[in-house]
Asker: 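Attaching a single structure in structure tokens format; questions to follow.
Note that ligands are numbered from 1 as they come in the structure, with each ligand's atoms numbered from 1 the same way.
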Amino acid sequence: MPKLFKDILNQSSFSKSDLVTMLSADEQNRKLLFDKSASIKHEYVGNKVYYRGLIEFSNLCGKDCLYCGIRAGNKKAHRYEVSEEEVLEAARYAWENKFGSLVIQAGERSGADYVNRIERLLHEIKKMSKGELGITLSLGEQSEETYKKWFDAGAHRYLLRIEVSNPELYHRYHPNNKKHDYQQRLNALFLLRKLGYQVGSGVMIGLPFQSLEDLADDLMFFREHDIDMVGMGPYIEHEDTPMFEYKDQLMPKMERFYLSLKMVAVLRIMMKDINIAATTAMQAIDPMGREKSIKVGANIIMPNLTPTKYREDYLLYEDKPCTDEDAEECKRCLEARIHMAGGQIGYGEWGDSRHFLKRKT
Ligand code: 5AD
Ligand code: FES
């Protein structure tokens, strides 16, 4: 006899076929899934939502991922880099408003000047905030030496999405060359772990050619690699990218949205004490996307602190929200939204992944 949906939800471990069943939940079962994940979230990580002020430091990128709006090959993108003073100003805002942590994100670049500039910024942010601001980096694949330099300068978390855990699919979404190598990306995750970072990864959901089995594999990838933090969201097509040609083969945006919510819920049930982000891409589809993610399992939110004049240029995908707002507006708007979702903001706390802390002790 096939297993009942609600019995699967109460298991303590899940096979790939259980995961696929959960991801294919119809509207009725979806509700059971979301209730379960919400109660697990409440029990294991509580109802606090932690802020990571996001600085989209630069959209210069040396890579050419076929889905991404800021890929090197997109000549229409207007390139920028936020100045050091502006980064420090945003960091001060985060610190004064008790955000707890910052995320510095940018396209992938290398070169001694760049590496040293980031290192200097890290030292300055630490000094300015008397060591109080936690710093997460999201600056792509780098050498072990660079990762170490940045760790020693004060970064303690690193986000590097695997994007898709199936190597064959990975090669369909990336150019076939040394710069876009699945094994190298995986290796970067190992290096980060070895150096002592809290390691974050993630995937895109609803990509062309991606099946529910592939998404179940993505979830098993996070478990297998014992990832501390996950950020994942719907794939959203961008007109000026090669993958736009598949736009008619995608599932409708709302379906991608619900599938993403299910991914968050199932992941919360599988990995109870990790940090899961309510991502901006969720909000690009549904104005209440991030709140809904929080309700079903996410506990991290990244208010945008990028100076408004640059925001329009960090367009990874269509309809990216909040590009007209400034930091103050984003803060107020989020506060109201989180309270509506029954959450409480963990002001002034780093909100480290409990999973990471447990592994360390
Ligand atoms: N749709 C959704 N997410 C995207 N990203 C890049 N391009 C897109 C897109 N078209 C995500 C990638 C990357 C993160 C910074 O943004 O997962 O890791
Ligand atoms: Fe910049 Fe993928 S396009 S890292």
Side-chain angles (χ1 to χ4, degrees), residues 52 54-77 79-81 103-110 114 136-142 158-165 169-182 184-185 188-189 192 199-208 210 215 218 221-222 227 229-247 250-251 253 256-257 259-260 263 277-286 289-290 293 302 304 306 311 313-321:
R52 317 281 186 236
L54 173 65
I55 303 175
E56 294 156 333
F57 175 63
S58 168
N59 65 353
L60 283 152
C61 186
K63 285 173 84 168
D64 252 322
C65 306
L66 302 177
Y67 44 82
C68 184
I70 65 166
R71 63 197 299 272
N74 180 9
K75 301 296 175 223
K76 287 195 191 161
R79 306 288 166 172
Y80 73 88
E81 182 177 290
V103 179
I104 301 177
Q105 187 175 78
E108 191 171 304
R109 284 158 75 189
S110 51
Y114 179 73
T136 306
L137 295 179
S138 177
L139 303 171
E141 292 164 43
Q142 303 288 345
Y158 205 102
L159 304 173
L160 185 75
R161 289 188 177 182
I162 193 71
E163 312 295 0
V164 57
S165 66
L169 281 183
Y170 190 90
H171 288 297
R172 291 183 88 155
Y173 307 141
H174 297 91
N176 196 1
N177 60 32
K178 277 207 302 246
K179 264 195 195 169
H180 303 79
D181 184 78
Y182 179 84
Q184 203 168 302
R185 198 162 184 86
L189 285 172
L192 290 164
V199 179
S201 195
V203 293
M204 285 176 288
I205 299 159
L207 287 155
Q210 187 187 42
L215 289 169
D218 289 342
F221 174 94
F222 300 140
I227 294 295
M229 335 179 266
V230 173
M232 52 188 176
Y235 162 67
I236 302 173
E237 59 276 29
H238 186 301
E239 196 178 8
D240 304 316
T241 62
M243 262 164 63
F244 195 65
E245 73 171 291
Y246 304 118
K247 66 177 188 313
L250 301 172
M251 59 177 100
K253 278 195 182 157
R256 275 178 259 166
F257 175 78
L259 188 52
S260 304
M263 284 285 284
T279 57
T280 315
M282 298 294 279
Q283 196 187 336
I285 298 187
D286 181 325
R290 287 192 288 189
S293 309
M302 293 158 56
N304 200 333
T306 311
R311 289 191 190 191
D313 292 322
Y314 201 78
L315 272 199
L316 304 168
Y317 43 79
E318 284 177 355
D319 301 327
K320 195 164 164 268

Asker: With a 4.0 Å cut-off on heavy atoms, does Glu163 reach ligand 1?
Answerer: yes
Asker: Look at the side chain of Arg161 and the backbone N and O of Gly231, then say whether any donor-acceptor pair between them is shorter than 3.5 Å.
Answerer: yes
Asker: Return the closest protein heavy atom for atom 2 (C) of ligand 1 as residue, atom name and distance.
Answerer: Pro234 O, 3.3 Å
Asker: Heavy-atom contacts under 4.0 Å between Arg161 and ligand 1: side chain, backbone, both, or neither?
Answerer: side chain
Asker: State whether the shortest distance between N or O atoms of Tyr67 and N or O atoms of ligand 1 falls below 3.5 angstrom.
Answerer: yes
Asker: In the protein, which heavy atom is nearest to atom 16 (O) of ligand 1, and how far is it?
Answerer: Leu316 CD1, 3.4 Å
Asker: Could you list the atoms of ligand 2 found under 4.0 angstrom from a heavy atom of Cys61?
Answerer: 1 (Fe), 3 (S), 4 (S)
Asker: Determine, using heavy atoms of Cys65 and all atoms of ligand 1, whether some pair is separated by less than 4.0 Å.
Answerer: no
Asker: Between Lys247 and Glu318, does any NZ, NE, NH1 or NH2 come within less than 4.0 Å of an OD or OE carboxylate oxygen?
Answerer: no
Asker: Whether the side chain of Tyr173 engages the backbone of Pro208 through a donor-acceptor N/O pair (distance < 3.5 Å, no angle test) should be reported.
Answerer: yes
Asker: Charged N to carboxylate O below 4.0 Å: is that the case for Glu239 and Lys76?
Answerer: no
Asker: In terms of relative ring orientation, are Tyr67 and His174 parallel, tilted or perpendicular, with 30° and 60° separating the classes?
Answerer: perpendicular
Asker: Identify which of Val164, Val203, Ile236, Leu159 has a heavy atom lying nearest to atom 9 (C) of ligand 1.
Answerer: Ile236
Asker: Please answer whether the main-chain N or O of Asp64 pairs with a side-chain N or O of His180 as donor and acceptor at a distance below 3.5 Å.
Answerer: yes
Asker: Is Cys65 close enough to atom 2 (Fe) of ligand 2 that one of its N, O or S atoms comes in under 2.8 Å?
Answerer: yes
Asker: Would you say the side chains of Gln105 and Tyr314 form a donor-acceptor pair under 3.5 Å?
Answerer: yes
Asker: Could you tell me which atoms of ligand 2, counted from 1 in the order shown, lie closer than 4.0 angstrom to a heavy atom of Arg71?
Answerer: 3 (S)
Asker: Specify the protein heavy atom at minimum distance from atom 3 (N) of ligand 1: its residue, its atom name, and the distance to 0.1 Å.
Answerer: Met204 SD, 3.5 Å
Asker: Any Lys/Arg nitrogen of Glu108 or Lys179 sitting under 4.0 Å from an Asp/Glu carboxylate oxygen of the other?
Answerer: no
